[in-house]
Amino acid sequence: MARSLASCLVLLVFATTVPAAAAQQQSFSADYSVTLLGLPIAKARFDSTFTADSFTIDGSLTSSGIARIFDKTTGTTRVEGSIGRDGAFPRTFRSHYDSGRKKSRTTIRFARGTVSSVENKPEPKRGETWIPVAEDHLRAALDPLTSTLIRTSDPDAVCNRTIRAFDGEMRADLQLSPRGPADSNGRVTCDARFVAVSGYRKGRKQIDFLQTRSRIAITFAPLGKTGFFTPVDASVGTQIGPVRITAQRIEAR
């Protein structure tokens, strides 16, 4: 899976829960499966720890099934941040991806609600069609993990928002809108529109498809009485078929 496509998909999932008023340290584990046309292509795991005012999330991604026939892809992510009245805010985000002989390393640092520095190794290739990331694009943008943590007590408010995410290369929005009311368990499904803001090559077919033709849906669910909603299922239309990311297990440790 190319990093650009993986970055787009990671905006749609990969979260955990945050205690609303943790009096002591609490930890969680989440396992996700990723399928293409119903066939397994990857597995992901996220382990998180939260206190009253801070959090860490460690994630890992490994290709599986038919995807390993073409190339072996592995990745790790780690985000550290603080918990405030309005939600979770990152301080540092790191990601490492290895796909065959290709390797990428990214470090993003945040300060006062915005990106303060970015380091990519190697730097992405740019050309005449490259859309640069402007300073105002990074205001209120979070990393792909923290951006999917939604704090609200009202299920009907989950989908009335835009997720603003930055993975160190691409700045993109997910514009959520409600598909219908929450079910009896508080689960709510949002339709999502992917909007590439900057940090990509204009005219790239993968990105154009996600913006203009892809059908995207994300289901969020509350976990206990934490006051946070987290993605438990997502489907993304791609050029080669639907990708589905599903939480197989999310539980306290």
Side-chain angles (χ1 to χ4, degrees), residues 1-14 30-47 56-80 90 92-109 115 117-133 141 143-148 165-172 194 196-211 214 234 236-246 248:
M1 181 182 295
R3 182 188 169 185
S4 59
L5 180 56
S7 297
C8 295
L9 298 179
V10 80
L11 306 185
L12 308 177
V13 290
F14 303 160
D31 293 322
Y32 289 84
S33 66
V34 186
T35 62
L36 171 64
L37 294 169
L39 300 174
I41 60 171
K43 296 179 180 179
R45 177 179 176 123
F46 293 88
D47 295 311
T56 61
I57 303 174
D58 289 292
S60 62
L61 173 72
T62 305
S63 58
S64 64
I66 60 171
R68 292 181 71 89
I69 297 175
F70 303 100
D71 217 341
K72 179 181 179 180
T73 298
T74 61
T76 62
T77 58
R78 179 178 176 86
V79 60
E80 301 173 89
T92 306
F93 171 84
R94 293 182 173 88
S95 67
H96 294 182
Y97 285 98
D98 296 337
S99 183
R101 296 181 179 180
K102 296 180 180 180
K103 301 178 184 296
S104 66
R105 305 289 184 264
T106 296
T107 300
I108 311 172
R109 291 182 173 84
V115 174
S117 67
V118 182
E119 181 180 3
N120 285 306
K121 296 182 179 180
E123 285 292 330
K125 295 180 180 179
R126 298 179 173 90
E128 293 182 357
T129 61
W130 183 264
I131 300 176
V133 179
D143 66 88
L145 298 184
T146 310
S147 64
T148 60
F166 177 61
D167 68 355
E169 181 176 338
M170 175 180 285
R171 236 303 269 129
F194 179 84
V197 177
S198 56
Y200 68 99
R201 293 195 299 275
K202 187 176 181 180
R204 187 160 188 177
K205 292 181 179 179
Q206 289 177 327
I207 304 301
D208 289 345
F209 184 93
L210 286 171
Q211 291 195 103
S214 179
V236 185
T238 73
Q239 289 176 291
I240 56 177
V243 172
R244 187 168 184 183
I245 306 115
T246 304
Q248 303 295 313

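Start at 1 with the first residue, then count along the sequence. Values below: all heavy atoms of this structure, side chains included; hydrogens, waters and symmetry mates excluded.
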With a 4.5 Å limit on heavy-atom distance, are the side chains of [X] and [Y] in contact?
{"X": "Val115", "Y": "Ile108", "answer": "yes"}
{"X": "Ser104", "Y": "Asn120", "answer": "no"}
{"X": "Val236", "Y": "Leu210", "answer": "yes"}

Only counting residues at least two apart or in another chain, list the ones meeting side-chain hydrogen bond (donor to acceptor under 3.5 Å, both in side chains) with [X].
{"X": "Asp58", "value": "Arg78"}
{"X": "Ser33", "value": "Gln248"}
{"X": "Gln211", "value": "none"}

Can you name the nearest heavy-atom pair linking Asp167 to Pro144, along with the distance?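 Residues Asp167 and Pro144, closest heavy atoms: CB-CG, 3.8 Å.
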
Please report the closest heavy-atom contact between Gly75 and Tyr97, naming both atoms and the distance.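 Taking Gly75 first and Tyr97 second, the nearest heavy atoms are CA-CD2, 3.9 Å.
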
The criterion is side-chain contact (heavy atoms from CB on, under 4.5 Å); which residues satisfy it with [X], sequence neighbours excluded?
{"X": "Lys202", "result": "Thr129, Ile131"}
{"X": "Arg94", "result": "Glu80, Thr92, Thr107, Arg109"}
{"X": "Glu128", "result": "none"}
{"X": "Lys121", "result": "Arg105, Glu119"}

Atom [atom1] of [X] and atom [atom2] of [Y]: how far apart are they, to the nearest 0.5 Å?
{"X": "Ile41", "Y": "Ser63", "atom1": "CD1", "atom2": "OG", "result": "9.0 Å"}
{"X": "Thr77", "Y": "Phe93", "atom1": "OG1", "atom2": "CZ", "result": "5.5 Å"}
{"X": "Tyr32", "Y": "Arg244", "atom1": "OH", "atom2": "CZ", "result": "13.0 Å"}
{"X": "Ser198", "Y": "Met170", "atom1": "OG", "atom2": "CE", "result": "8.5 Å"}
{"X": "Phe46", "Y": "Leu145", "atom1": "CZ", "atom2": "CG", "result": "5.5 Å"}
{"X": "Thr246", "Y": "Asp31", "atom1": "OG1", "atom2": "CG", "result": "12.5 Å"}

Has Thr35 got a side-chain atom pairing as donor or acceptor with Pro40's backbone, closer than 3.5 angstrom?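 Not confirmed, Thr35 side chain does not pair with Pro40 backbone.
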
Do other residues, nucleotides or ligands put more than 12 heavy atoms under 6.0 Å from Arg45 CZ?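 Counting neighbours around CZ of Arg45, more than 12 heavy atoms of other residues, nucleotides or ligands fall under 6.0 Å, so yes.
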
